[in-house]
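All values below were derived from every heavy atom in this structure, side-chain atoms included, with hydrogens, water molecules and symmetry-related copies excluded.
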Amino acid sequence: MPSSTPRIAVDAAGGDHGPGVNVPGALDAAREKGLRLLLVGDRTALEAELARHDTAGLDVEIVHASEVAAMSDKPSDVLRRKKDSSIQVACRLVKEGRADGVVSAGNSGASVACGMFVIGRVKGVLRPAFAGILPTVKNPMILLDVGANVDSRPEHLFQFGILGDVLARDVLRYDSPRVGILSIGEEEGKGNIQVKEAFEMLKASSLRFMGNVEGRDIFTGDVDVVVCDGFVGNVALKLAEGLASNMGKVLKRELTGSLLGRIGTLLAMGRLKRFARFADYAEYGGAPLLGLQGIVIVCHGASSIKAISSAVKMAGRFVASGANEHIRQALEENRDLTRA
């Protein structure tokens, strides 16, 4: 069982900005939530970065790692040849019981590989899944899988529903999450064989299953968890990111293209800032890799201090809530539906 105060291992060397962003982001989260930190990376670099910040009252430990998984490295090469890479060392800390979870903005493929083969899966989980937490017109929702599994069987999709339900309850604090499956129509019976079979499993489960969800309905806020395979989910996620980014550019162009537009922008500044927060990935930090013995949260390589802080806080909430135990319980309750 995790300790009463979660201890999060941060891959402080990973990502585009390394310790200069990872360290202050982690410290902000620890200061706000009382978390304990293990900062993993080159000791000299981390000591120099820590010296720039006030760490009074914080439980922070440096764990030296002499290597970094480059963004161009193959995940298999990181596993076999970079045993002392910061991401692999961070995952070993969880395996050894010294940490409860990992946050990394480094090589995402290496993070998944180290999570699966170093930390290992929760008993009963067939495939760990990446969960994207996305804004809607009401409350955030969870889309999974968004890239860990490009080929999934119906029983995998069914378990993704269980993983998403637990994340929604324990991290987003939803009492009774509404779960749907992404398909090409709302009506029962729509979709390919994979989706149809998963539909029947979800319908027979203990989940609050709402049926099929079309792509246009993801952002309405009428469903809390949407299940799909990693290929479809990753395309949907990248499409949403691209749309949000380019709509922001169009909005900026239209608002600053004339004197009246600029005056209107000044008058609407408060609302515009709220819209920016709505579309900002940093509000959620990163994508949790669910189904492992310890939580692994993978952040964007160009993550800001705010994004790293959000990811560390999310990891802390996941651990403190006992989410993995809830996953085990939910799998046991629905064991007869899973064809292992």
Side-chain angles (χ1 to χ4, degrees), residues 1-15 17-41 46 49-63 86-87 90-91 93-94 97-106 111 115 119 131-135 139-140 142 163 166-175 277 280-290 292-300 303-327:
M1 292 294 292
S3 62
S4 57
T5 303
R7 173 164 280 182
I8 308 302
V10 178
D11 174 10
H17 306 300
V21 163
N22 295 324
V23 171
L27 292 177
D28 283 351
R31 192 174 293 111
E32 182 178 339
K33 298 298 181 180
L35 303 172
R36 299 183 295 168
L37 298 176
L38 290 165
L39 301 177
V40 185
L46 294 184
E49 182 61 33
L50 277 176
R52 301 176 58 244
H53 304 277
D54 179 12
T55 60
L58 300 181
D59 185 341
V60 182
E61 179 183 346
I62 292 175
V63 178
S86 52
I87 182 58
C91 288
L93 292 172
V94 175
R98 295 176 58 192
D100 302 308
V102 174
V103 171
S104 176
S111 297
I119 296 175
I133 302 179
L134 307 178
N139 296 302
I142 296 167
L163 298 176
V166 172
L167 185 68
R169 291 175 186 274
D170 289 353
V171 173
L172 299 185
R173 310 296 195 216
Y174 297 164
D175 290 333
R277 287 197 299 272
D280 186 5
Y281 74 92
E283 290 290 324
Y284 311 103
L289 182 60
L290 304 175
L292 301 177
Q293 293 284 353
I295 185 64
V296 173
I297 297 182
V298 179
C299 306
H300 194 283
S303 288
S304 63
I305 290 174
K306 178 182 177 181
I308 297 298
S309 177
S310 296
V312 173
K313 286 186 284 189
M314 188 198 304
R317 287 197 300 273
F318 187 93
V319 173
S321 67
N324 269 351
E325 182 57 33
H326 298 154
I327 288 173

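Side-chain contact between D28 and I305 is present, with heavy atoms from C-beta onward closer than 4.5 Å. Contact annotation: the side chain of H17 never approaches that of S303 to less than 4.5 Å [non-hydrogen atoms, C-beta and beyond]. In this structure the side chain of L39 reaches within 4.5 angstrom of the side chain of L50, judged on heavy atoms. Side-chain contact between V23 and R52 is absent, with no heavy atoms from C-beta onward closer than 4.5 Å. Side-chain contact between I142 and L163 is absent, with no heavy-atom pair separated by less than 4.5 Å. When side chains are defined from C-beta on, L289 does not count as touching S111, because their heavy atoms never get closer than 4.5 Å. In this structure, the side chains of V103 and C299 come closer than 4.5 Å at one or more pairs of heavy atoms.
Between the R7 side chain and the L38 main chain, no donor and acceptor come within less than 3.5 Å of each other. Between the R169 side chain and the D175 main chain, a donor and an acceptor come within less than 3.5 Å of each other. Although no hydrogens or angles enter the test, the distance criterion places no donor-acceptor pair under 3.5 Å between the side chain of N22 and the main chain of A105.
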Where do L37 and V312 land on the side chain to side chain contact (heavy atoms under 4.5 Å, CB included) test, with the steps shown first? CA-CA 9 Å; L37 298 176; V312 173; 4.1 Å; yes
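Taking every heavy atom of both residues into account, V10 and A26 meet most closely at CG2-CB, 3.9 Å. Scanning all heavy atoms of the two residues, the minimum distance from E49 to P19 falls at CG-O, 3.5 Å. Contact between L46 and A12 at its shortest, heavy atoms only, is CD2-CB, 3.6 Å. Here the closest heavy-atom approach between residue C91 and residue I119 is recorded as O-CG1, 3.5 Å. Between P288 and L167, the closest heavy-atom pair is CG-CD2, 4.2 Å. Shown here for P140 and I133, the closest heavy-atom pair between the two residues is CB-CG2, 4.0 Å.
Atom CD1 of I308 is separated from atom CG of L27 by 12.0 Å, given to the nearest 0.5 angstrom. Once rounded to the nearest 0.5 Å, the distance linking CG of L35 with CG of L58 reads 10.0 Å. Rounding to the nearest 0.5 Å gives a distance of 8.5 Å between CG of N324 and CG of L290. With rounding to the nearest 0.5 angstrom, the CZ atom of R98 is 5.5 Å from the CD atom of E61. Remark: I295 CD1 to D100 CG distance equals 11.5 Å, nearest 0.5 Å. How far CG of L93 is from CD1 of I8: 11.5 Å, rounded to the nearest 0.5 Å.
The side-chain contact (heavy atoms from CB on, under 4.5 Å) check on A13 picks up D11, V68, S86, with sequence neighbours excluded.
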Output side-chain donor-acceptor pairs under 3.5 Å for residues 313-323, partner residues at least two apart or in another chain, one line each.
residue: K313; atom: NZ; partner: E32; partner atom: OE1; Å: 3.1
residue: S321; atom: OG; partner: R317; partner atom: O; Å: 3.1
residue: S321; atom: OG; partner: F318; partner atom: O; Å: 3.0

